[in-house]
Amino acid sequence: MNTTKINLFKQFLLEELALPLSAIALAERRSEDSPNLFGMVLWQYGLVTTQQLERIWDWMATA
């Protein structure tokens with residue numbers, strides 16, 4: 001992902017899903033090698049629900 005898309009994605013996570021910055025930072029660290037796994041990392045750590053994970057995938061598919 002390019003910088004602009006990453007910033008928009010973080011804004012989506014903060015505003016639409018109301019995730020704390022600490023959760024986003026954790027997922028960033030754990031998915032550095034594979035940014036497409038970002039949502040899965042959040043889900044694995046129990047930071048998002050399956051419905052929120054679907055919204056993340058939808059956002060990534062359309063952005």
Side-chain angles (χ1 to χ4, degrees):
M1 273 194 261
N2 64 39
T3 305
T4 303
K5 190 172 179 179
I6 290 170
N7 289 335
L8 290 172
F9 183 57
K10 287 180 185 178
Q11 183 177 350
F12 164 76
L13 295 172
L14 288 168
E15 294 177 5
E16 297 294 322
L17 300 183
L19 293 179
L21 284 174
S22 59
I24 295 168
L26 171 72
E28 280 183 306
R29 286 191 305 273
R30 299 289 184 225
S31 65
E32 279 183 64
D33 296 331
S34 302
N36 293 335
L37 297 178
F38 196 97
M40 285 299 296
V41 171
L42 290 168
W43 178 76
Q44 286 177 324
Y45 281 89
L47 300 170
V48 296
T49 65
T50 53
Q51 291 86 6
Q52 290 171 313
L53 180 58
E54 287 179 24
R55 288 184 64 195
I56 289 170
W57 286 337
D58 289 343
W59 189 95
M60 291 178 107
T62 59

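Note that the CD1 atom of Ile6 and the CD1 atom of Ile24 stand 12.5 Å from one another [nearest 0.5 Å]. Between atom CD of residue Glu28 and atom NZ of residue Lys10 there is a gap of 3.5 Å, rounded to the nearest 0.5 Å.
Using a 4.5 Å cut-off on side-chain heavy atoms (C-beta onward), Leu26 and Arg30 make contact.
Counting all heavy atoms, side chain and backbone alike, Leu14 lies closest to Leu19 at CD2-O, 3.3 Å. Smallest separation of non-hydrogen atoms from Leu42 and Ala23: CD2-O, 3.6 Å. Between Ser31 and Val41, the shortest heavy-atom distance links the atoms CB-CG2, 4.0 Å. Heavy atoms only, all atoms of each residue included: Leu17 and Arg55 are closest at CD2-NH1, 3.5 Å.
Using modelled atom types, no side-chain atom of Glu15 and backbone atom of Phe12 make a donor-acceptor pair closer than 3.5 Å.
With sequence neighbours left out, Glu54 forms a side-chain contact (heavy atoms from CB on, under 4.5 Å) with no residue at all.
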Contacts under 3.5 angstrom, residues 56-63 side chains, donor-acceptor by atom type, not counting sequence neighbours:
unit_1, atom_1, unit_2, atom_2, d
Thr62, OG1, Asp58, O, 3.1
Thr62, OG1, Trp59, O, 3.3

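Every pair tested for side-chain hydrogen bond (donor to acceptor under 3.5 Å, both in side chains) that includes a residue from residues 33-44 fails, sequence neighbours excluded, so the list is empty.
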